[in-house]
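A quick write-up on the structure given underneath.
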Amino acid sequence: MELIVIGCFGQRSSYMLATKIGKLEGNESLYVDSLSNILETYEHLSTTYECCVAYGSISMIDSRYNVRMYDLQHKISQIWVAPQAQYMMHRIEKAFVGSDILPHMIDQRVFGIMDALSLWNEIKAAR
């Protein structure tokens with residue numbers, strides 16, 4: 001299963017963007033939920049869905065402790081960071097050191113107008 005994480009400081013803006021991605025035409029089989037809920041039911045979801053989009057606080061993925069505790073380096077495929085959390089990119093990179101996962105910055109214009117289609121196209125291009 002491919003797990004794509006959209007992170008910000010809280011959950012509100014990442015929730016809005018992830019939900020819009022889930023409602024795009026052709027994404028009916030895409031599962032969208034909070035990162036914590038997806039991690040709780042990961043085994044079941046991984047046998048049911050090809051791709052999940054998780055939203056949530058960037059603090060869940062910015063420490064090596066959480067990465068190891070939840071085995072995130074083997075579960076997450078892509079990380080997309082909201083512009084207001086740009087300064088956290090280095091911490092996320094350090095938390096995932098040794099893995100192939102590099103965080104991506106969401107363009108300010110895309111994030112500002114909640115352009116789910118543009119972000120989804122960027123996500124697909126990064127696969």
Search all heavy atoms of [X] against all heavy atoms of [Y] and return the closest pair with its distance.
{"X": "Q84", "Y": "S13", "value": "NE2-OG, 3.8 Å"}
{"X": "Q11", "Y": "G56", "value": "CG-CA, 3.7 Å"}
{"X": "A54", "Y": "S34", "value": "CB-C, 4.4 Å"}
{"X": "A85", "Y": "F9", "value": "CA-CZ, 3.7 Å"}
{"X": "M89", "Y": "P103", "value": "CE-O, 3.4 Å"}
{"X": "Q78", "Y": "I123", "value": "NE2-O, 3.2 Å"}

- Are the side chain of S63 and the backbone of S59 linked by a donor-acceptor contact shorter than 3.5 Å?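 No; judged by distance alone, with no hydrogens or angles, the pair does not exist.
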
- Item | S99 side-chain N/O to F96 backbone N/O, donor-acceptor pair under 3.5 Å |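 Judged by distance alone, yes, a pair lies under 3.5 Å.
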
- Task: With side-chain hydrogen bond (donor to acceptor under 3.5 Å, both in side chains) as the test, would you mind laying out the steps for N121 and S118 before giving the verdict?
- Result: CA-CA 5 Å; N121 288 334; S118 291; 5.6 Å; no

Rounded to the nearest 0.5 Å, what separates atom [atom1] in [X] from atom [atom2] in [Y]?
{"X": "K75", "Y": "L39", "atom1": "NZ", "atom2": "CG", "answer": "5.5 Å"}
{"X": "I113", "Y": "D107", "atom1": "CD1", "atom2": "CG", "answer": "9.0 Å"}
{"X": "I4", "Y": "H104", "atom1": "CD1", "atom2": "NE2", "answer": "9.5 Å"}
{"X": "I6", "Y": "L17", "atom1": "CD1", "atom2": "CG", "answer": "5.0 Å"}
{"X": "S77", "Y": "M1", "atom1": "OG", "atom2": "CE", "answer": "8.0 Å"}
{"X": "I21", "Y": "M16", "atom1": "CD1", "atom2": "CE", "answer": "12.5 Å"}

I'd like to know if [Y] and [X] are part of one continuous hydrophobic network [Ile/Leu/Val/Met/Phe/Trp/Tyr, side-chain heavy atoms within less than 4.5 Å].
{"X": "V5", "Y": "L102", "value": "no"}
{"X": "M88", "Y": "I101", "value": "yes"}
{"X": "V67", "Y": "I92", "value": "yes"}
{"X": "I38", "Y": "I61", "value": "yes"}
{"X": "V97", "Y": "Y70", "value": "no"}

Can you confirm whether [X] is buried at [atom1], in the sense that more than 12 heavy atoms of other residues, nucleotides or ligands lie under 6.0 Å from that atom?
{"X": "E93", "atom1": "CD", "value": "yes"}
{"X": "Q86", "atom1": "CD", "value": "no"}
{"X": "R127", "atom1": "CZ", "value": "yes"}

- Please test W80 against E122 for side chain to side chain contact (heavy atoms under 4.5 Å, CB included), starting from the C-alpha separation and ending with a verdict. CA-CA 10 Å; W80 290 82; E122 285 186 59; 3.6 Å; yes

Please table the atom pairs, donor to acceptor, closer than 3.5 Å between any side-chain atom in residues 43-51 and protein atoms at least two apart or in another chain.
residue, atom, partner, partner atom, Å
S46, OG, Y42, O, 3.2
S46, OG, E43, O, 2.8
T47, OG1, H44, O, 2.8
T48, OG1, H44, O, 2.9

- Item | Side-chain heavy-atom pair D33, Y55 within 4.5 angstrom cut-off |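 Of all side-chain heavy-atom pairs linking Y55 with D33, at least one is under 4.5 Å.
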
- N27 and W120: CA distance, side-chain angles, deciding distance, side chain to side chain contact (heavy atoms under 4.5 Å, CB included) verdict: CA-CA 10 Å; N27 284 353; W120 184 241; 3.5 Å; yes

